[in-house]
Every structure is written in C-alpha cells, then in structure tokens.
Amino acid sequence: MPSYTAPTKDMQFVLHDVLKITESDVPGYDDLDPSFTGAIFEEAGKIASEVLQPLNVVGDTEGCVLENGVVRTPTGFDAAFKIMKEGGWTALDCDPDYGGQGMPYVLATAVGEMFSAANIAFNMYQGLTHGAYSAIHAHGTDAQKATYLPKMVTCDWTGTMNLTEPHCGTDLGLMRTKAEPQGDGSYKVTGQKIFISAGEHDLSDNIIHLVLAKIPGGPDGIKGVSLFIVPKFMVNEDGSLGDRNPVAVGKIEEKMGIHGNSTCVMNYDGATGYLLGEEHKGMRAMFTMMNEARLGVGLQGYAQAEVAYQNAVAYANDRLQGRDVTGAKNPDGPADPLIVHPDIRRNLMDQKSFVEAARALVFWGASLIDRSHKLGDKDADGLVSLMTPVIKGFLTDKGFEYATAAQQVYGGHGYIEEWGMSQFARDARITQIYEGANGVQALDLVGRKLAQDGGKHVMAFFEMVKTFCKENADVDGMAEFIEPLKKASKDMQAAGMYFMQNGMKNPNNALSGSYDFMHLMGHVCIGLMWGRMAKASLEALANGSSDEAFHTTKLATGRYYMARQLPATAMHLARIETGADTVMALEAANF
C-alpha cells in the first residue's frame, strides 16, 4: 500500500527562505515564524499520513453509495471528518467574526497540500465548503453571513457550487435552471445540475448549495445568470434546522477517480433559494469561489504528483532490476536497484524538479491573494489573476503527466491496483477537467488575462523576471539559472508579440496557440521559482547552513530543470508561430 510523508522541510524552505514571509508587510505574516509554522505542519502532517492517507484506498475501493436518497461515504470518512473539525483544520484562514482562526491563506494552502496529497477525494468535502464560505463572505448580506458562515466554518454544514447542467458546461449562458421570485423575497429554484462534488453525503447536518439559475424576464445568455443560496434543510430564525428543501440527489456519477467523493446529479424541484449578491450578477459572485477553487485545483495537481513521486522513489530504491552499466552497485545481490539506471533517474528528476517548483509557485500565488485581500493591493490581485489559469492549467497537466510517470517506474506493478499507483493517476486526471477545463484556462489566459488592464499585469511579470535576472546575473552560482530563464522569458515575449501582430487580423492565430502559450508561460513561472530557490539555497550555504545536503540537492534539482525542461519554451514558441492554418485546415467532416 502506498504511503505519504508531508514534505514539511521543503514547505518551511519555501515560506521562510524563498518568500521570507515574516519580513512581509502583509498583516498576520509577522506571526508566522518558523517555530509556529513548523508546529502546525507537524500536526497537519500527522493527520495526513496517519488518518487521511490510509483512507485513500478505502475511498477508492468502496466509493460512495446512494441508499433511499441518502449518500453513505466510505468507511472511516465520518470519523476522520470529526477529527478535522475538532482540530480546527476547516477554519484556519476563516474570519474570526464567524468562528475562524484568521490565519493567512498561504498557511492554509500549505496545509491543504498535505491533505490533498494524502486523500484528495476526502479533502474536497471541506475544500468546497471553504469556497462556498468565501462566496457568501464576499457577497452575502449581514443576515446571510450570520445565518450560514459560523456553521460552514466548522463544517457542521458543508457547501457546494452548482454550475453545470446536462446540456451546458463551459457555456453557462445556455442554462435552463430557473429561479422564480416569491412575494417574501425568496425564490423557487427548479432545474437539474450535474457533476456536483459533495452534493449529498452523511458528513454534515446540512448542505448549503450555491446554485446558478436564471430569473425569468432577465437578460439573455450569461448576463441573465444569478446566484442563489439553496440549503438542503431550511434554517429557522433561531438557527435550528427546519423542513427538508425540495432538493434531492438523482444519482451518484460513476467516475474514473476520486471515488471517495460523492459527485452527484442534483434535482431542484421548486426548492427555496435566496439571492446571493445582485440579480443577474451571478457569475461575479460565483467567480469569487471559482478563482479560489482554481488555485486549489492547481495545488491538487502537483499534490498528486508529490505523493506518487514519493512512492516511486521508494520503489526505485527497493526494486532490484539489472546492473549499473558502469559497475555493480549491489555486488552481493542478484541485481542493482532500479534507481541506478539513467532513465529511471531522468524520470524521477522530471517529477522532483516539477513538484518542488510547483509548490513554490502556488505558495507565491497564495501570498499574492493574502496581499490582495489584506492590503487591498490591486497589483497583487491583477498578478494572481494572470497566474490563475497558468497555475490551474499547467500544474494539473504536469501533475497528471508525472503521476503517470511515477506509475511507470513500477513497470507492470504500476498497472496493478494492489500497488496503488493507478489511483494517483486516476485521481489526478479530473484536475485537468473540473473548475474549467484546461483548454478553457488557456483561452482565458490568451483571450482575456494578457490584455487585462491594458496588459499591465503581464508587463509587470516580464519586468519581474527581467529585474531578477539583472540583479543576480553576476552572483556566483546563478549563471546556470539566469541564462536559461532569460532565454525562456524572451520566448514568452516573442509569443506575446506574435499574438499582437497576428491575432487581430485572425483571432484563430492567437487561440490556436493558446494552449502552447499556457505551457510556455508555465515553464517560465517554474523557471523563475527555481531561480528564487537557487538564490535562497546559495545564500543559506554561504551563511553556513547546518543542512548542506538539503541545499546542494536543491541546487542540483534546479539545474536539472533549467537544463532539461525549460528549453521546452522554444518548442512551444515554434508551434505558436505556425499560426492557425494547419490547425484549421480540415473541414469538420474530414476529421
């Protein structure tokens, strides 16, 4: 059975050596000293490895069962959920006014990585609740916040978001679910939603559904969509639970992975709902939840790669196969361990060099969200908005790729369920699809985010990379990081220039290259993270760090990425510059 150990040392390195969070002016960061974050990580790591990880295979094999309209979660999930609630883990960064602990989002992000790596399906129950909490916190009335948030912070009540319908996914303007106003300020919501994660289960007393629907008579398309709070059980004025709302689960979807999470078809039959935010402004309110969710999904992508990598390393060290071509490394045994072979090393280095930089990228993104929320920093908000489709799209594409790469290390055993590696690949696969399929992320990046605020934020990113390269060009040991990063950044700028020169006369020239651009930018982001981590490790070594092995390993891993992975930007640029002609050459009938 697979195992998981939280990479707490690396998390501490990113927070304190790279991001230097205690030196930040973000409120609350000065409290995050290494001893404090270390204590939290130690406890969270224990829960991840001792409570959640053993339930991962249980959730995968048992799945969720629908019985008489009630969904039963896998064995052990209820007890584990109580541990999470009692420990306050569901409330880390929530508002103290509603019972939260008020800690920075970056800390909750690090803890979230541990829980997602240990058991992604389980962690979704509280993760989706946090997203619904955030939407109500941002757009709800004082009465709505007082009614729902205290119970959602503790996860006594959980939350969902309901967007997709059988005939529309990305194109939400086509939705048919309607919300008819009643005389008392409430609405009657009628329609069917599909793919609703945690839509029904036995882990909480109530489920607060956030449902997109159209008010009759409103504008056509996406401009006529509103967002509604639709509780599973009505809430009385004293906060107690009342009658069951006419919302029910139609079935549980049979899925490739995340079997431990109940992905439901939800039927609303005149269910009572309450407008969240303004009429016909539902997408604005929902995107408060979606943007947070997309950063979280990017985290899920590399978290699955992390746990798969850990197990692949263990297997590569234990499994004896063949001899090292340069001489036996295990002369007393029948063969050498797999890890002596260059192709196995290449595979593992691909995984390791991605995961460690992906962690730094997501933690940096979380720190930008903290800066935006706590300081009202519009530049930070714009930068993380630019980064969100890259974090979601690139990290989940690569997360799945490296989860399968870890499976490959096992050979045939990786394909056999008893070894557990296929679950990581199957669970990682959904991250490329939900919260906006990755092709849509690429279109959002190229079609909207590059031009946002007149291109201010992408130019700020270019300047950030340029400044980093200039400031560190003459630092001993940094040349192997700076030169590849400069080249990759120039490839990204050239791609942006191509879009500007060719996208206006034919938009397909830009859109056909959007996926390559998302990956190109992803590599540049990862390269920048490696530059920052290399600088931090070189400084630590110069200052006589007591953990020389950690920092020399970090530098070697970074050099690998810069030499072997970052040059992919040239390939993506070459593809982009071919334009749309070859992509659009065939008539639909000829596919």
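Fair warning: this is a prediction, and the values are worked out from it, not measured in the lab.
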Margin query: Working to the nearest 0.5 angstrom, can you tell me the gap between Leu348 CG and Ser353 OG?
Written below: 10.5 Å
Next item on the list: Before giving the answer on salt bridge (charged side-chain N to carboxylate O under 4.0 Å, His left out), spell out for Arg359 and Glu356 the whole-Å C-alpha distance, their side-chain angles and the decisive distance to 0.1 Å.
Entry: CA-CA 5 Å; Arg359 175 176 300 116; Glu356 292 180 11; 5.9 Å; no
Next item on the list: Tell me, yes or no, whether the heavy-atom count around Asn506 atom CG, taken from other residues, nucleotides or ligands under 6.0 Å, exceeds 12.
Entry: yes
Margin query: Applying the ring pair (Phe, Tyr, Trp, His ring centres under 6.0 Å) criterion to Phe354, which one of Tyr560, Phe400, Tyr402, Tyr309 satisfies it?
Written below: Tyr402
Note to self: Does Met497 have more than 12 heavy atoms from other residues, nucleotides or ligands lying within 6.0 Å of its CE?
What the structure shows: no
Notebook entry, point to check: Thinking salt bridges, do Lys554 and Asp10 make one under a 4.0 Å N-O criterion?
Noted result: yes
Notebook entry, point to check: Can you say whether the rings of Tyr125 and His201 are parallel (under 30°), tilted (30 to 60°) or perpendicular (over 60°)?
Noted result: perpendicular
Next item on the list: Give a yes or no on whether the backbone of Ala428 and the side-chain of Thr431 come within a donor-acceptor separation of less than 3.5 Å.
Entry: yes
Next item on the list: Measure from the side-chain N and O atoms of Gln452 to the backbone N and O of Gly382, and report whether any donor-acceptor pair falls under 3.5 Å.
Entry: no
Checklist line | Glu435 side chain vs Val297 backbone, donor-acceptor pair below 3.5 Å | finding: no
Item checked: N-O pairing of Asp379 and Arg371 below 4.0 Å -> no
Check: Measuring from Glu253:CD to Ile196:CD1, what's the distance to the nearest 0.5 Å?
Finding: 9.5 Å
Checklist line | From NZ (Lys456) to CD (Glu463), nearest 0.5 Å | finding: 13.5 Å
Note to self: Using the rule given for side-chain hydrogen bond (donor to acceptor under 3.5 Å, both in side chains), can you reason through Gln300 versus Gln304, listing the C-alpha separation, both sets of side-chain angles and the distance that settles it, and then say yes or no?
What the structure shows: CA-CA 6 Å; Gln300 288 178 336; Gln304 290 303 291; over 6 Å; no
Checklist line | Salt-bridge contact Lys378-Asp381 (side-chain N to carboxylate O under 4.0 Å) | finding: no
Note to self: Once rounded to the nearest 0.5 Å, what's the spacing between atom OG1 of Thr164 and atom CD1 of Ile194?
What the structure shows: 6.0 Å
Item checked: CD (Gln408) with more than 12 external heavy atoms under 6.0 Å -> no
Note to self: Are more than 12 heavy atoms, taken from residues, nucleotides or ligands other than Arg448, located less than 6.0 Å from that residue's CZ atom?
What the structure shows: no
Notebook entry, point to check: How about Met256: does its CE atom have over 12 heavy atoms from other parts shown lying under 6.0 Å from it?
Noted result: yes
Margin query: Tell me if the centroids of the rings in His373 and Tyr105 come within less than 6.0 Å of each other.
Written below: no
Margin query: Using 0.5 Å steps for rounding, measure from the CG atom of Leu485 to the CD1 atom of Ile526.
Written below: 11.5 Å
Next item on the list: Would you please indicate if the ring centroids of Phe461 and His457 are separated by under 6.0 Å?
Entry: no
Margin query: Looking only at the aromatic ring of each residue, does the gap between the centers of Tyr187 and Phe228 stay below 6.0 angstrom?
Written below: yes
Checklist line | Counterpart residues, side-chain contact (heavy atoms from CB on, under 4.5 Å), relative to His280 (two or more places apart) | finding: Ile215, Pro219, Ser226
Show me the donor-acceptor pairs within less than 3.5 Å that the side chains of residues 261-268 make with the rest of the protein, sequence neighbours left out.
{"residue": "Asn261", "atom": "OD1", "partner": "Ala198", "partner atom": "N", "Å": "3.0"}
{"residue": "Asn261", "atom": "ND2", "partner": "Ala121", "partner atom": "O", "Å": "3.2"}
{"residue": "Ser262", "atom": "OG", "partner": "Glu200", "partner atom": "O", "Å": "2.7"}
{"residue": "Thr263", "atom": "OG1", "partner": "Lys255", "partner atom": "NZ", "Å": "3.2"}
{"residue": "Asn267", "atom": "OD1", "partner": "Gln192", "partner atom": "NE2", "Å": "2.8"}
{"residue": "Tyr268", "atom": "OH", "partner": "Asn162", "partner atom": "OD1", "Å": "2.7"}

Note to self: Would you compute the distance between atom CG of Asn509 and atom CE of Met500 and round it to the nearest 0.5 angstrom?
What the structure shows: 14.5 Å
Note to self: Check this for me, if you would: do Arg426 and Asp60 make a salt bridge, where the nitrogen-to-carboxylate-oxygen distance has to be below 4.0 angstrom?
What the structure shows: yes
Next item on the list: Decide whether Gln423 and Asn56 meet the rule of one side-chain donor and one side-chain acceptor closer than 3.5 Å.
Entry: yes
